[in-house]
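Presented below is the structure to which this report refers.
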Amino acid sequence: MPSASIYHLKDVLIGLEVHCQLTNLKTKLFCGCSTDYRRDPPNTHVCPVCLGLPGSLPSVNRKAIEDAVVVSLGLDSQVSRKSYFFRKNYYYPDMSKNFQISQYDQAGGIPIALGGGIEIQVNHVIRKIRITRLQLEEDPAKLVHLGPIDLSPYTLVDYNRAGVALLEIVTEPDLKSPVEARVFLQKLRSILEHLGVSDGRFEGSMRCDANISLSGGKRVEVKNISSFKEVERALNFEMTRQRSLLSRGSTVGMETRHWDEARRLTISLRSKEAEHDYRYFPEPDLVPIVVSEEWLKELASTLPELPDSRRDRLVKTYHIPSYDATVLTGEKALADFFEECAVLYSDAKTISNWVIGDLLRWLHEDELGIEASKITSKTLVAMIALIDEGVISGKIAKRILPEIIRTGKSPREIVEEKDLLRMGSPQEIEGVVNHVFKENPGAVQDALVEEKVIHYLVGQVMKATRGRADPELTNQIVKEKLEKLEETR
Ligand code: ADP
Ligand code: MG
Ligand code: ZN
């Protein structure tokens, strides 16, 4: 039997631990260092606190707590009225203090929020993925290796990232496939974007550890996966690896593995039996986080519209299919763009078709977000208007779209520059038809007896005019010419 059947025999359980930087904060979680470090040289956004120098003391960024609460509310989680920072002790160069200030859900620890969930839709099935907990912690420094981690002769450390506010969102093992894991992450990113607390597009701003087990095996944790596409790949790899072990009668032990993006495989880092004992204990330098009823209410009142309700509103307001609205709200900037266009142009479904169809395809091709591309609502709508006015055909529009996206030029300018104006005069088209008839005498004879061949001739005219000829008019002229030939036969 093919391996696919083995896959269906085994239940797959996947749970994610997602680390989201609160990128909208100006400063780090426990010090005043700027979080805007991405374009700067290594180790330039540091101070005694985030370098963990002896005698330095942390103080909490109030806005970080607010953002964490806002995310908790957005995920329907129960915000803890009182939660605590804990020290997670370990010896590794990414944390110079030899501990990370984090939160804990055991030994008297209470994280910032518990419970909640996100609804995801895969193949028209909607499922709720439960969230276990949210915890606020500091980002460790970034370790840089030369090539693959297990072959690198050295490790470099960059403390710019150390101490940036990180929200860890842990799910229950409710995900059933690698695709669901990717869709979950995309939905989570869109929620964070709508909440305005984190831009998931910043490099390394959303990182994920993925846990996966197959029935009959133990849970394997795959660490440090950088993008959503890679999460799906890593999980697919792990699924196959574990399935093949189990089907050969071997066991899958509890372990932590590293996803090697370049080689597209997971490498064992350590077995869970050798897992560190982190010796968690309450952080003595920080007071508990207390979220008062008033503070909670105030923050709840600022909660913006989130992707699910926005999707429903788009369906109601613009009469577009729920599928379209789901794709559009999958990215805040995309939904914003759609609504901007809808102000300028009344046929929302036409806009939606362009946005979730060709536009999105080109953006993916260029690995660009809509906000980073040069297209604007004005230029997209101008392009659609050119089609309506008969200046260009839909085909030409599809052809100039990537140039609008990449250069930001107006569609009319591109059309004129490239001489793509629609050929609407019958005389002009007739000239081309005559030429095509002369070049394809065989096809012309065939077209007299077989209707289908007419499409071929029309296609040749379109080709000769680079899609500029009006297709209906061309069709009509070709048919008339054939009729005349028929009469004279
Ligand atoms: P740890 O500290 O060991 O990583 P956490 O509680 O932080 O434990 O995270 C556990 C993660 O593993 C959660 O995302 C959870 O959903 C997931 N998980 C737990 N059991 C399984 C399982 N049997 N298969 C896959 N994932 C699991
Ligand atoms: Mg964990
Ligand atoms: Zn600092």
Side-chain angles (χ1 to χ4, degrees), residues 10-19 25-37 40 43-53 56-61 64 86 88 90 95-97 100-107 109 111 114-118 129-135 137-141 158-165 168-178 180-181 184-185 188 208-225 231 234-235 238-239 242 252-257 269-278 280:
K10 303 242 181 257
D11 265 336
V12 180
L13 292 182
I14 296 170
L16 301 176
E17 297 163 75
V18 194
H19 293 94
L25 297 175
K26 299 261 181 294
T27 55
K28 295 185 181 180
L29 184 53
F30 299 120
C31 64
C33 289
S34 155
T35 54
D36 188 14
Y37 61 83
D40 292 337
N43 300 309
T44 53
H45 290 248
V46 291
C47 75
V49 173
C50 57
L51 282 177
L53 300 188
S56 63
L57 284 174
S59 57
V60 186
N61 183 336
F86 266 58
K88 179 183 182 180
Y90 67 94
M95 264 299 160
S96 56
K97 301 192 292 292
Q100 176 192 28
I101 304 179
S102 179
Q103 295 194 299
Y104 199 42
D105 60 347
Q106 292 166 51
L114 294 164
I118 292 181
I129 308 304
R130 288 168 301 159
I131 285 168
T132 316
R133 64 176 189 272
L134 285 86
Q135 58 189 46
E137 59 191 31
E138 53 180 336
D139 207 349
D158 178 3
Y159 285 98
N160 283 350
R161 198 179 75 183
V164 167
E168 177 173 353
I169 301 168
V170 181
T171 78
E172 292 290 309
D174 285 349
L175 296 154
K176 291 182 178 158
S177 69
E180 282 198 355
F184 173 87
L185 289 166
L188 174 61
C208 170
D209 300 341
N211 297 270
I212 173 167
S213 68
L214 268 58
S215 56
K218 291 265 167 44
R219 149 166 87 102
V220 169
E221 180 173 357
V222 188
K223 278 212 162 305
N224 300 318
I225 320 174
V231 171
L235 286 171
E238 249 329 280
M239 205 166 67
Q242 293 180 22
V252 175
M254 193 124 148
E255 64 173 339
T256 302
R257 299 178 70 88
L269 287 180
R270 54 181 179 263
S271 82
K272 275 276 177 179
E273 286 75 50
E275 186 80 327
H276 310 281
D277 178 353
Y278 290 116
Y280 279 96

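When reading the values below, keep in mind they use all heavy atoms of this one structure, side chains included, and skip hydrogens, waters and symmetry mates. Counting convention: from 1, in listed order, for ligands and their atoms alike. Throughout, residue positions are numbered sequentially from 1 according to the sequence presented.
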inquiry  = Just verifying a value: how many Å separate Asp139 CG and Met95 CE, rounded to the nearest 0.5 Å?
reply    = 7.0 Å
note = Separation between CG (Leu29) and CD (Glu137), nearest 0.5 Å, reads 9.5 Å
ask   = Which is it for Gln103 and Arg133 under the side chain to side chain contact (heavy atoms under 4.5 Å, CB included) test, yes or no, and what are the steps along the way?
value = CA-CA 10 Å; Gln103 295 194 299; Arg133 64 176 189 272; over 6 Å; no
ask   = Taking the Zn ion (ligand 3) as the center, what protein N, O or S atoms are found at less than 2.8 Å?
value = Cys31 SG, Cys33 SG, Cys47 SG, Cys50 SG
task = Mark up the atoms of ligand 1 that fall under 4.0 Å of a heavy atom belonging to Val170, in ascending order.
result = 13 (C), 14 (O)
key: Thr171: numbered ligand 1 atoms lying under 4.0 Å from its heavy atoms   = 13 (C), 14 (O), 15 (C), 16 (O)
remark   = The residue among Lys97, Lys88, Lys28, Arg161 that forms side-chain hydrogen bond (donor to acceptor under 3.5 Å, both in side chains) with Glu138 is Lys97
query = For the side chain of Asp174 and the backbone of Arg130, is there at least one donor-acceptor N/O pair under 3.5 Å apart?
reply = yes
ask   = Which atoms of ligand 1 sit under 4.0 Å from any heavy atom of Leu16?
value = 14 (O)
query = Under a 4.0 Å heavy-atom limit, does Glu221 contact ligand 1 with its side chain, its backbone, both, or neither?
reply = side chain
inquiry  = Against Asp158, only a single residue in Asp40, Asn43, Val46, Thr44 fulfils side chain to side chain contact (heavy atoms under 4.5 Å, CB included); can you say which?
reply    = Asn43
query = For Arg133, is the nearest heavy atom under 4.0 Å from an atom of ligand 1?
reply = yes
task = Apply ring-ring contact (aromatic ring centres under 6.0 Å, His included) to Tyr104 and list each qualifying residue two or more places apart in sequence or on a separate chain.
result = Phe86, Tyr280
message = Evaluate Arg219 for polar contact with ligand 1, using N/O atom pairs at a separation under 3.5 Å.
response = yes
request  = Please step through side chain to side chain donor-acceptor pair (under 3.5 Å) for the pair Ser271 and Glu255, ending with a clear verdict.
outcome  = CA-CA 4 Å; Ser271 82; Glu255 64 173 339; over 6 Å; no
note = To the nearest 0.5 Å, atom CG of Leu134 lies from atom CG of Asp105 at 12.0 Å
query = For ligand 1, which atoms sit closer than 4.0 Å to a heavy atom of Glu172?
reply = 16 (O)
